[in-house]
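One structure is given here, and the rest of the page talks about it.
Read the numbers this way: they start at 1 and go in the same order the structure lists the ligands and their atoms. Keep in mind that the numbers below use all heavy atoms, side chains included, and drop hydrogens, waters and symmetry copies.
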Amino acid sequence: MDLPNVETYLIPDDIQSITNWCEDWAWLAGGTWLFSEPQPHLKVLVDIHNLKWSEIEVQEDYLIIGATCPLIKLLEYPWLLEWTAVEGLKSAISALAASFKVINQATVGGNICLALSVGTLAPLMVALGASYEIWHLNKQSRQVAAKDFQLGYRQTILQPGDILRRVLIPLSNLKWQVSYQRFSLAATDPALAIVVIVRNHQHIRCVIAASVATPYLIECLETEFMASLEGVNFIEDTKSSAIYRREITAVLIKKALQQF
Ligand SMILES: Cc1cc2nc3c(=O)[nH]c(=O)nc-3n(C[C@H](O)[C@H](O)[C@H](O)COP(=O)(O)OP(=O)(O)OC[C@H]3O[C@@H](n4cnc5c(N)ncnc54)[C@H](O)[C@@H]3O)c2cc1C
């Protein structure tokens, strides 16, 4: 879709060359969402393709995924077999209610920063204890736990001029078992519920998403997962009632637990 109100397109090769930021500016990553609907509030797009950030690398104890890494690269990368949690990454990308064309273009950072309730990567990142490195134009950077990043539907902790630089996943957590479950009324519909359960020897964690506005982490004994759904605020809208979303979430939790 054309964005006729956009007046300026910038494609910096260094983030430092952007010295100011206004409310009608946006970072442009894969553009699969930005160009999918009108953006009447935007006048300037800052394309981040030319920043040449590394896409997938291992540094010390972390797998580091650059924000501009296209989702397709996560499907194609020659992962170590012992990193069992990578199956979760692949499931998260397959769970995108989108075509191959979108998966080729869309980036990890775009998916996380868009912060849709149906966001597919965020619940996995929360479950795997990932953290996000955020840069600001004033050259300061900070790290935040994935579980603290998304505040609500299309709401994150990002401030104007902040950019998600990279995602860090502890290598030890990549050896965890993951079950990623998704339900939608039709395969190409957005998810009504997503459940991600990760397990290692001592630990089990459940994250629910899509049925709630923002990924919701449940850390308790697995026998208490169902009871802990009682206090959760499930989305009620024209697609489904909150009760239906809760029931579907419970079914997905049972299904996920059966996989271990
Ligand atoms: C048919 C279709 C189906 C879709 N289905 C799903 C789905 O099931 N689940 C889902 O989550 N999404 C879905 N999307 C939405 C979207 O395409 C994806 O979330 C995609 O991953 C966004 O990535 P992108 O790189 O294209 O982001 P862009 O469209 O370039 O950007 C999205 C937003 O993130 C901001 N942004 C991008 N990168 C950064 C960064 N590094 N730092 C700070 N802000 C940044 C942009 O300014 C913009 O506000 C769908 C889109 C289409 C067209």
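Ranked by closest heavy atom to atom 33 (C) of ligand 1, the top entry among Asp162, Leu51, Leu114 is Leu114. Between the choices Gly110, Gly109, Pro70, the shortest heavy-atom distance to atom 23 (O) of ligand 1 belongs to Gly110.
Residue-to-ligand polar distances place Val118 within reach of ligand 1: an N/O pair is separated by less than 3.5 Å. For ligand 1, the polar-atom distance check against Thr107 finds a nitrogen or oxygen pair separated by under 3.5 Å. Residue Trp33 has at least one N or O atom closer than 3.5 Å to an N or O atom of ligand 1. For ligand 1, one of its N or O atoms has an N or O atom of Asn111 under 3.5 Å away. Of the N or O atoms in Leu164, one or more lie within a sub-3.5 Å distance of an N or O in ligand 1. Residue-to-ligand polar distances place Thr32 within reach of ligand 1: an N/O pair is separated by less than 3.5 Å. Looking at Leu34 next to ligand 1, an N or O pair under 3.5 Å apart turns up.
Residues Ile157 and Arg142 share a closest heavy-atom pair of O-NH2, 3.7 Å. A pairwise comparison of heavy atoms in Leu71 and Ile103 identifies CB-O, 3.7 Å as the closest pair. Contact between Ile169 and Ala130 at its shortest, heavy atoms only, is CG1-CB, 4.0 Å. Nearest heavy-atom pair, Gly110 versus Thr107, reported as atom, atom and distance to 0.1 Å: N-OG1, 2.9 Å. Annotation for Pro160 and His136: closest pair O-CE1, 3.0 Å, computed over non-hydrogen atoms. Scanning both residues, Pro12 and Asn50, for their nearest heavy atoms gives O-CB, 3.4 Å.
Atoms of ligand 1 found under 4.0 Å from any heavy atom of Gly119 (numbered from 1 in listed order, with element): 11 (O). Each of the atoms 43 (C), 44 (N), 46 (C), 47 (O) of ligand 1 lies under 4.0 Å from some heavy atom of Trp27. For ligand 1 and Thr120, the ligand atoms under 4.0 Å from any heavy atom of the residue are 11 (O). Ligand 1 places these atoms under 4.0 Å from at least one heavy atom of Leu158: 43 (C). Those atoms of ligand 1 that come under 4.0 Å of a heavy atom in Gly30, given as number and element, are 24 (P), 25 (O), 26 (O), 30 (O). Remark: ligand 1 atoms within the under-4.0 Å shell around heavy atoms of Ala67 are 41 (N).
With a 4.0 Å cut-off on non-hydrogen atoms, Ala29 touches ligand 1 through its backbone as well as its side chain. Contacts between Leu96 and ligand 1, counted as non-hydrogen atom pairs separated by less than 4.0 Å, involve both the backbone and the side chain. Contacts with ligand 1 closer than 4.0 Å are made by no heavy atom of Leu121, backbone or side chain.
Under the 4.5 Å side-chain heavy-atom criterion for ILVMFWY residues, a single connected hydrophobic cluster contains both Val196 and Trp176. Both Tyr132 and Leu63 are members of a single hydrophobic cluster when ILVMFWY side chains are connected at heavy-atom separations under 4.5 Å.
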> Can Phe183 and Val251 be said to form a side-chain contact (heavy atoms from CB on, under 4.5 Å), step by step?
Replying inline: CA-CA 10 Å; Phe183 175 82; Val251 170; over 6 Å; no
> After noting the C-alpha distance and the side-chain angles of Arg154 and Leu114, does the key distance pass the side-chain contact (heavy atoms from CB on, under 4.5 Å) rule?
Replying inline: CA-CA 6 Å; Arg154 301 236 26 238; Leu114 186 55; 3.7 Å; yes
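Seen from the ring of Trp53, Arg166 does not count as a face-on cation partner, given the 6.0 Å and 45° thresholds. Remark: Arg245 fails to qualify as a cation-pi partner of Phe234 under the 6.0 Å distance and 45° angle criteria applied to the six-membered ring.
Annotation: the span from Ser184 atom OG to Ile194 atom CD1 amounts to 9.5 Å, rounded to 0.5 Å.
From the protein, the heavy atom lying nearest to atom 28 (P) of ligand 1 is Gly31 N, 3.5 Å. The protein atom (non-hydrogen) at minimum distance from atom 45 (C) of ligand 1 is Cys113 CB, 3.6 Å. For atom 8 (O) of ligand 1, the closest non-hydrogen atom of the protein is Ala97 N, 3.0 Å. What sits closest to atom 14 (N) of ligand 1 on the protein, heavy atoms only, is Leu116 CD1, 4.4 Å.
Side-chain atoms of Gln39 come within 3.5 Å of backbone atoms of Leu34 as a donor-acceptor pair (strictly under, hydrogens ignored). No side-chain donor-acceptor contact under 3.5 Å links Trp21 to the backbone of Asp162.
In this structure, Pro190 has no heavy atom closer than 4.0 Å to ligand 1.
Distance remark: protein heavy atom present below 4.0 angstrom from atom 43 (C) of ligand 1. Remark: atom 50 (C) of ligand 1 lies closer than 4.0 Å to no protein heavy atom.
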